[in-house]
Trainee: 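Dropping the structure in here first, questions after.
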Number of protein chains: 2
Amino acid sequence: MQHIPAGEPQILIDLSTAIIGTDAGIFQCRLVEDATDTQPGRLPFGPFVPDQHRTMEIGLRQWVGEQVGVALGHVEQLYTFADRGRQNTTPGAPHVVSVGYLALTNQTGRQTRAWRDIYSFFPWEDWREGEPSMLADIIYPALDSWLAQHSERRESARLAFGRDGLAWGEEYVLERYELLYEAGLVAEAFADGRENAAPTPAVPGEPLQLDHRRILATAVGRLRAKLKYRPVIFDLMPLTFTLTQLQHTAETVLGVGLHKQNFRRLVEKSGFVEATGKMSKSRGRPAELFRFRHQERSERPLAGLRVSPGRLRPSDPSP
Amino acid sequence: MQHIPAGEPQILIDLSTAIIGTDAGIFQCRLVEDATDTQPGRLPFGPFVPDQHRTMEIGLRQWVGEQVGVALGHVEQLYTFADRGRQNTTPGAPHVVSVGYLALTNQTGRQTRAWRDIYSFFPWEDWREGEPSMLADIIYPALDSWLAQHSERRESARLAFGRDGLAWGEEYVLERYELLYEAGLVAEAFADGRENAAPTPAVPGEPLQLDHRRILATAVGRLRAKLKYRPVIFDLMPLTFTLTQLQHTAETVLGVGLHKQNFRRLVEKSGFVEATGKMSKSRGRPAELFRFRHQERSERPLAGLRVSPGRLRPSDPSP
DNA sequence: CCATTTATGCTCAAATTGAGTATAATATCA
DNA sequence: TGATATTATACTCAATTTGAGCATAAATGG
């Protein structure tokens with residue numbers, strides 16, 4: 001019953017991992033440091049070799065270990081991308097299918113060529129200081145003129161960007177990036193040879209190699225959505241932390257400001273944290289240090305951290 | 001920077017689709033009708049052929065069209081499985097990676113060899129008449145004796161099955177099936193040559209070919225989870241329906257009974273449905289017929305149908 | 001000591017949820 | 001025909017959750 005195709009070009013599976021962490025209000029992703037100045041950055045990645053890798057996760061851990069050497073906490077498969085024209089398309093080369101993974105870590109380094117601010121790739125996603133002006137100034141005009149020719153994508157654009165009355169859904173990161181790509185407004189669209197794309201991208205935001213910005217967008221979208229129903233945020237925290245630090249991490253990931261007192265009430269009631277009795281020393285009144293209660297992960301697995309931004313507010317500056 | 005492996009066995013990607021529908025309280029999945037009496041059933045599937053299929057979804061639509069000819073509504077990628085030993089392992093054969101898809105349809109047929117009751121594959125998942133007795137009678141004893149040797153899996157089992165005080169999470173369908181597989185309690189474990197598996201499976205439930213029961217479990221888990229935050233349930237409904245029919249569909253998918261008045265309140269308030277003015281004719285008082293408001297899909301995309309079972313109750317019998 | 005900064009406690013109204021009770025409109029059958 | 005079963009729908013009520021804001025506490029730096 002199997003239809004084995006004869007003489008087809010070989011399929012190669014690439015395992016690419018978006019390693020995400022936060023550091024003092026910066027939303028970071030780990031890139032490989034081999035990029036030259038003229039070439040965009042890239043995620044750690046490498047091929048899935050069934051003979052060496054019993055599972056894909058074993059494979060990705062090998063490439064991550066060799067290329068960036070970061071200790072991974074939570075790891076999860078995101079999506080398998082296989083559409084033609086979004087990877088290397090050298091004639092005769094094997095068809096590349098890329099499987100994207102998300103990995104979380106609490107071991108980030110300060111801003112370097114290695115650890116990069118995620119919002120430099122998606123500047124329109126950071127609403128902590130309110131709606132980014134580039135949306136109204138650059139993105140919406142450019143998108144609208146493309147939509148004029150592609151009315152079938154109108155509804156998707158409305159939903160993704162929360163236009164005319166709809167709310168901005170912070171988890172639609174991939175949907176937004178894909179629309180900009182389709183509309184030829186990001187650098188990758190030109191690199192992939194799409195005809196409607198200009199050599200100089202219309203929309204600000206740093207590109208990445210291959211389809212890595214797409215994978216990163218998938219990772220951010222998944223993480224933002226998951227934060228609300230699973231306690232994944234603690235994988236981004238150090239062993240002990242103040243509730244303000246926890247809130248800043250949540251705000252950094254979600255890209256919105258949150259109501260302080262309500263966030264505190266939510267976290268305390270959730271049972272996911274317990275006080276250590278120690279205090280942090282910073283500028284104002286010292287804050288109590290908390291730790292994550294690992295047992296709770298199983299006792300209330302569905303509760304998660306249902307943070308709700310409510311009406312947007314600017315978040316306090318990080319210490 | 002690419003590590004191209006030389007002379008490795010070829011990789012073959014299989015696209016398998018779980019097509020799900022409901023019919024009068026039966027939770028159905030479409031199988032291919034070529035199964036003999038001695039062989040387990042299978043999902044429609046076939047290889048991804050990059051030269052013919054611009055995207056994987058195009059590929060799967062081809063195989064579904066050829067093998068079962070069902071019109072698909074919502075289609076979504078589930079997961080890519082690549083671990084060794086869960087597919088055909090003939091020596092020298094290409095390594096098979098399988099990409100699972102979920103498809104919803106409102107065109108089911110009555111119980112035949114083609115349309116099969118999903119709960120016959122996962123009888124422990126149907127709690128509409130209360131907790132299935134097979135859990136306490138068969139599954140828990142068998143699982144516990146395996147856990148005695150594998151204490152590292154204790155926590156996962158507690159979470160997946162909601163043991164000692166934890167709640168049964170209806171979306172952990174895959175996690176439960178995988179534990180039963182690992183413990184050697186389902187037929188596929190023996191078929192895959194796992195040493196701890198007995199030729200006669202310890203736990204009731206029909207097997208499927210290859211890893212298709214795993215893919216179906218993923219599909220059911222994803223669908224149950226998604227029901228709560230996206231209006232996917234309407235892809236399972238006919239053009240017009242009564243609120244009771246809608247509730248029965250939700251109960252069928254979730255495998256639990258719901259509070260009738262509260263379900264009605266939830267649905268009406270959601271704005272996803274509108275009355276048609278027509279009435280259904282059945283046994284008791286006629287019910288108003290509703291239709292899905294497609295525009296609402298974009299106006300309140302996040303609301304979905306947050307059905308909450310509350311305390312378990314037996315669901316009313318379907319008409 | 002006073003202004004500033006940060007943390008934490010508390011209140012309050014609105015909205016949502018969980019669980020019922022009550023009533024309405026049909027079919028069925030004695 | 002009229003009682004009875006069956007199904008649908010309306011309405012109530014308390015408990016909980018959410019969104020927003022006010023007030024107070026504990027540090028630091030002049």
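Side chains are part of it too, since the values below use all heavy atoms of this structure and drop only hydrogens, waters and symmetry mates.
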Trainee: Find the distance A:K260:NZ to D:dT24:C1' and express it as a whole number of Å.
Mentor: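 Answer to the nearest Å: 14 Å.
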Trainee: Starting from the C-alpha separation in whole Å, work towards a yes-or-no answer on side chain to side chain contact (heavy atoms under 4.5 Å, CB included) for B:E206 and B:R116.
Mentor: CA-CA 11 Å; B:E206 225 181 298; B:R116 301 289 300 283; 2.5 Å; yes
Trainee: So, under a plain 3.5 Å distance rule, would you say the side chain of A:R265 forms a donor-acceptor pair with the base of D:dG19?
Mentor: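 Pair found.
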Trainee: Calculate the interatomic distance between A:H259 atom NE2 and D:dC22 atom P; express it in whole Å.
Mentor: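 Distance check: A:H259 NE2 to D:dC22 P gives 10 Å.
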Trainee: Is there any salt bridge (charged side-chain N to carboxylate O under 4.0 Å, His left out) pair reaching into residues 274-286 of chain A, and which pairs are they, with sequence neighbours excluded?
Mentor: A:E274-A:R291, A:E274-A:R293
Trainee: Applying side chain to side chain contact (heavy atoms under 4.5 Å, CB included), can you list everything that pairs with B:A219, at least two apart in sequence or on another chain?
Mentor: B:A18, B:I20, B:L78, B:L102
Trainee: Between D:dA15 atom P and B:N262 atom CG, what is the distance in whole Å?
Mentor: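 These atoms are roughly 16 Å apart.
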Trainee: In chain order, what residues pass the salt bridge (Lys or Arg N to Asp or Glu O under 4.0 Å) check against B:D164, with sequence neighbours excluded?
Mentor: B:R158
Trainee: Expressed in angstrom and rounded to an integer, what is the separation of B:E268 atom CD from D:dA8 atom P?
Mentor: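 After rounding, the reported distance stands at 13 Å.
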Trainee: Among residues at least two apart in sequence or on other chains, which ones pass side chain to side chain contact (heavy atoms under 4.5 Å, CB included) with B:Q77?
Mentor: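 Testing B:Q77 for side chain to side chain contact (heavy atoms under 4.5 Å, CB included), a comparison that skips the adjacent residues, returns A:Y79, A:T80, B:M56, B:T80, B:V99, B:Y101.
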Trainee: Give the B/S/- string for nucleotides 24-30 of chain C, one per nucleotide from 5' to 3', where a protein heavy atom under 4.0 Å of the base yields B, of only the sugar-phosphate yields S, and otherwise -.
Mentor: BBBS---
Trainee: Which residues pass the salt bridge (Lys or Arg N to Asp or Glu O under 4.0 Å) test with A:E178, sequence neighbours left out?
Mentor: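 Partners of A:E178 by the salt bridge (Lys or Arg N to Asp or Glu O under 4.0 Å) criterion, ordered by chain and then number, come out as A:R86, A:R214.
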Trainee: Specify the separation, in whole Å, of atom CZ of A:F263 and atom C1' of C:dG9.
Mentor: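 Between C1' of C:dG9 and CZ of A:F263: 17 Å.
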Trainee: Take atom CG of B:L258 and atom C1' of C:dT17, then tell me their distance rounded to the nearest Å.
Mentor: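 For the pair B:L258 CG and C:dT17 C1', the rounded distance is 14 Å.
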Trainee: Can you check the B:F241 CZ to D:dT7 P distance for me, whole Å?
Mentor: 20 Å
Trainee: So if I take every side-chain heavy atom of B:R264 and compare against D:dT9, C:dT8, C:dA7, which nucleotide ends up nearest?
Mentor: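 Nearest to the side chain of B:R264 among the choices is D:dT9.
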Trainee: Rounding to an integer number of Å, can you tell me how far A:E288 CD sits from C:dA7 P?
Mentor: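 Rounding to the nearest Å, CD of A:E288 and P of C:dA7 are 12 Å apart.
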Trainee: Kindly indicate whether the side chain of B:Q261 and the base of C:dT21 share any N or O donor-acceptor pair separated by less than 3.5 Å?
Mentor: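 Counting by modelled atom types and ignoring angles, a donor-acceptor contact under 3.5 Å is found here.
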Trainee: Does A:E171 come within less than 4.0 Å of A:R222, counting only side-chain N to carboxylate O?
Mentor: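 Salt bridge flag = no for A:R222 with A:E171.
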